[in-house]
Structure formats: structure tokens, C-alpha cells
Amino acid sequence: MPELPEVETIVADLRPHLTGRTIVRCELLFPTIVRYPEPEVFVDSVAGMRISAVTRRGKFILMHLDNALLLVVHLGMTGQLRLVDADAPIEKHTHAIFTLEGDSAPPPGAARRPPRRAGRCLHLRYRDPRRFGRLLLGTEESLLASKKLPRLGPEPIDPSFVPDELYQSLRRRRTSLKAVLLDQGAIAGVGNIYADESLHRARLRPDRMAAGLSRKSAQRLHESLRDSLLMAIKNRGSSVDTYRDAWGNIGGQQEKLLVYGRAGEPCFTCGRPLAMIRLAGRSTVFCTKCQR
DNA sequence: TTAAATTCCTGTAAGC
DNA sequence: TGCTTACAGGAATTTA
């Protein structure tokens with residue numbers, strides 16, 4: 001599942017190859033993947049637009065276009081954004097194809113080159129077997145006003161996100177720690193993998209009430225959350241399901257996960273089998289001995 | 001107002 | 001072997 005580290009990896013990969021390029025046209029093979037505006041308007045509006053920047057907010061990929069327009073991509077569970085040669089075979093479940101202006105010169109400072117040959121058109125393709133993802137287009141104001149882009153909490157890896165901010169958002173909530181971590185309005189970008197990982201690192205039970213957590217424990221959670229996310233970014237994300245980077249490669253963090261996907265297996269710290277419960281509608285794995 | 005439950009969707013794996 | 005069924009989950013929507 002693409003969470004903050006996976007989305008960050010894709011954005012960092014795409015940025016040098018998309019910045020400054022123009023979208024020649026857009027083709028929707030599955031129009032309802034566009035949630036706003038109407039698909040026909042979307043297709044007409046992106047054509048001819050230049051991409052001035054590529055950024056991330058929570059799990060959203062933001063492509064900044066002319067006229068303050070944002071082309072927004074949310075990958076949902078199985079969404080993939082790939083940069084490929086225009087003549088590459090179209091994979092099953094490809095829902096949108098953006099043809100980019102041809103330019104044989106690779107962008108300066110490109111760490112990884114996409115698989116393309118000089119003089120060929122590039123495609124940015126969106127595929128998503130489970131179709132939980134979505135595409136949006138609009139100004140930030142219009143997307144927020146229409147509630148297509150939700151109000152998001154602070155970025156957990158931003159230096160401005162301090163322990164006290166986490167403490168304050170936890171103490172207001174009468175639900176589990178896990179539920180708050182998954183709430184995008186509380187903290188942006190955390191999903192099921194890194195919620196479980198950071199709670200384990202912080203030695204906190206996921207079903208503990210958020211309100212009532214001590215300042216000291218909140219500080220520990222703040223640190224482990226940042227550590228989990230930054231380490232995953234360093235390892236280019238977790239490919240536990242279908243996640244692939246912009247070139248179709250898997251990440252490396254799945255090899256290093258402490259609890260996610262390891263229910264019944266021994267805890268790396270104490271050896272006790274990891275427990276699994278259901279919290280906030282999600283399977284939740286933790287150690288009953290190490291996490292209190 | 002807030003929290004919990006439901007819904008969407010398809011590939012995969014378990015069970016018979 | 002082949003079919004059926006349960007499960008995975010992000011977030012919008014609905015219900016409590």
C-alpha cells in the first residue's frame with residue numbers, strides 16, 4: 001500500500017523527469033477514475049499544460065500546472081504511476097495515459113533515468129487494479145472548497161512537526177492510538193503499515209486510548225513515527241502488496257518491517273508470537289509483551 | 001460533534 | 001484440479 005514513504009519515493013523519482021515538461025494530451029481508459037471535474041473537462045483542461053513542480057502532501061501526489069492548477073493523484077491501495085516509453089505495451093488496469101512533450105535531453109541532475117530512447121514520446125501512466133485511487137484537477141482553493149481534497153493534518157517528517165503537536169492532537173481524541181494515527185486529518189500520510197511499525201517501536205499498545213497518553217509516551221511515539229517513515233523513505237518504500245516505484249521496481253523496506261504482516265511470528269525483541277486484532281477496521285499486529 | 005460501520009474493488013490464497 | 005469464499009485496505013459516505 002502506498003503510504004507517505006512510498007508516495008515520497010515516487011514523487012522524488014518523477015520530479016526531475018516531469019518538471020518543465022508539457023502534457024500534450026490525456027487519454028482516459030477508465031474515465032470514472034477521475035473524480036473531479038467531469039472526465040471530459042479534465043481531459044480538455046490538462047492538454048497543453050506545463051508541469052512546473054511535483055510535490056507531495058500526505059499520500060497525495062501534486063503536479064503543479066499553469067494557472068495555479070493542480071493535477072492531483074491519490075494511489076489508493078494499488079495505484080501505480082509509471083513513466084514509460086510511449087510504445088511500451090499497455091498493462092492491464094491502466095486507466096489514464098498522459099502523453100508528455102518529447103525532449104531527448106535528460107533533465108539535469110536526474111538520478112535515475114526512465115527507460116526511454118532519444119526522440120521518443122514519454123507516457124505517464126496511471127494503473128490501479130482495485131480502483132481505490134483517484135485523479136483530481138483544480139486549484140487548491142477549489143479542491144478544498146469542493147471537499148475533493150480533504151483538510152490534512154501536519155506532515156510527520158517535517159521539522160515543524162514537534163512532539164507537543166502530536167501530544168495535543170492525541171489528548172483530544174476518545175479513540176485508540178491506532179485510529180488517530182490512521183486519521184489523515186490528525187497526521188497526514190500514515191497508513192496501516194507505518195501505524196503498526198511506529199507503535200511497536202514506541203512500545204505502545206495500538207488499542208490504548210489516545211487521550212490519557214503521557215507527554216513522555218507521546219514524545220516516544222513522535223520519534224518512532226519519524227524514524228519509521230524516514231527509514232522507509234531511505235529504503236524506497238515497502239512492497240508488501242502491489243507497490244512499485246515510477247520505474248516499476250519494488251522497494252526494500254518490506255524486508256525490515258518489525259510487525260506488519262508478521263502476525264503469529266515471533267517478536268524480534270522478546271520472541272513471543274505477535275498478536276493480531278482488528279482496530280479502526282484494519283488488521284493490527286503488535287506484541288502483547290513489548291507494547292503496553 | 002465525534003467515532004464507528006459500511007462501501008467500493010479485484011487479485012490472491014485458503015478451504016473444500 | 002477447479003470452484004467458492006474470505007480477505008486485504010484508503011477514505012468517502014452513512015449511521016449511531
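In what follows, every chain begins at residue 1, and chains take the letters A, B, ... in the order their sequences are listed.
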A:Arg173 side chain, from C-beta outward: closest of C:dG10, C:dA8, B:dA3
B:dA3

For A:Tyr36 and C:dA12, give me the distance from atom OH to atom C1', rounded to whole Å.
17 Å

Comparing A:Arg35 with A:Met276, nearest DNA chain C nucleotide closer to 5' gives the residue A:Met276

Per A:Pro150 side chain, nearest of listed nucleotides C:dA8, B:dA3, C:dA12:
C:dA12

Applying a 4.0 Å non-hydrogen cut-off, can you work out what A:Ser283 is touching in the nucleic acid: base, sugar-phosphate, or nothing?
sugar-phosphate

Do A:His222 and A:Phe161 have their ring centres less than 6.0 Å from each other?
yes

So, do A:Thr175 and A:Asp183 sit near enough that their side-chain heavy atoms are less than 4.5 Å apart?
no

Nearest-Å distance for atom pair NZ/P, residues A:Lys178 and B:dA3
17 Å

Atom pair distance, as rounded to whole Å: CG in A:Asp128 and C1' in C:dG10
11 Å

Looking at A:Thr175, does any N or O in its side chain come under 4.0 Å of the phosphate oxygens OP1/OP2 on B:dA4?
yes

A:Arg151 CZ to B:dT1 C1', in whole Å, measures 18 Å

Face-to-face contact A:Phe132 to C:dA11 six-ring, under 5.5 Å, under 30°
no

Respond yes when some side-chain nitrogen or oxygen of A:Arg131 is under 4.0 Å from OP1 or OP2 of B:dT10, and no when none is.
yes

Tell me whether the OP1 or OP2 atom of C:dA11 has a side-chain N or O from A:Lys59 closer than 4.0 Å.
yes

With nearest nucleotides of DNA chain B determined for A:Arg172 and A:Gly281 from heavy-atom distances, which residue corresponds to the more 5′ nucleotide?
A:Arg172

Over all strands shown, is A:Tyr260 touching base, sugar-phosphate only, or nothing at heavy-atom distances under 4.0 angstrom?
sugar-phosphate

Distance check: side-chain N/O of A:Arg130 vs OP1/OP2 of B:dC8, anything under 4.0 Å?
no

From the list C:dA8, B:dG11, C:dA11, which nucleotide is the closest neighbour of the side chain of A:Lys92?
B:dG11

Pair of N/O donor and acceptor under 3.5 Å linking B:dA3 base with A:Arg174 side chain
no

Take atom CZ of A:Arg278 and atom P of C:dA6, then tell me their distance rounded to the nearest Å.
14 Å

Quick check for you: among C:dG10, C:dA12, B:dC9, whose closest atom lies nearest to any side-chain atom of A:Arg134?
C:dA12

Atom-pair distance (CG on A:Leu136; P on C:dA11), nearest Å
12 Å

A:Met77 CE to B:dG11 P: how many Å, rounded?
12 Å

Evaluate the side-chain proximity of A:Leu122 to A:Arg21: yes if any heavy-atom separation is below 4.5 Å, no if none is.
yes

Report yes if a side-chain nitrogen or oxygen of A:His74 is closer than 4.0 Å to either non-bridging phosphate oxygen (OP1 or OP2) of C:dA11; otherwise report no.
yes

What is the distance from atom OG of A:Ser214 to atom CZ of A:Arg171, rounded to the nearest 0.5 Å?
12.0 Å

Does A:Gln253 form a side chain to side chain donor-acceptor pair (under 3.5 Å) with A:Tyr260? I'd like the steps, not just the answer.
CA-CA 11 Å; A:Gln253 184 64 25; A:Tyr260 181 89; over 6 Å; no

Value in whole Å for how far the C1' atom of C:dG10 lies from CD of A:Gln184:
8 Å

Is the NZ or CZ atom of A:Arg262 both under 6.0 Å from the centre of the six-membered ring of A:Phe268 and within 45° of that ring's axis?
yes

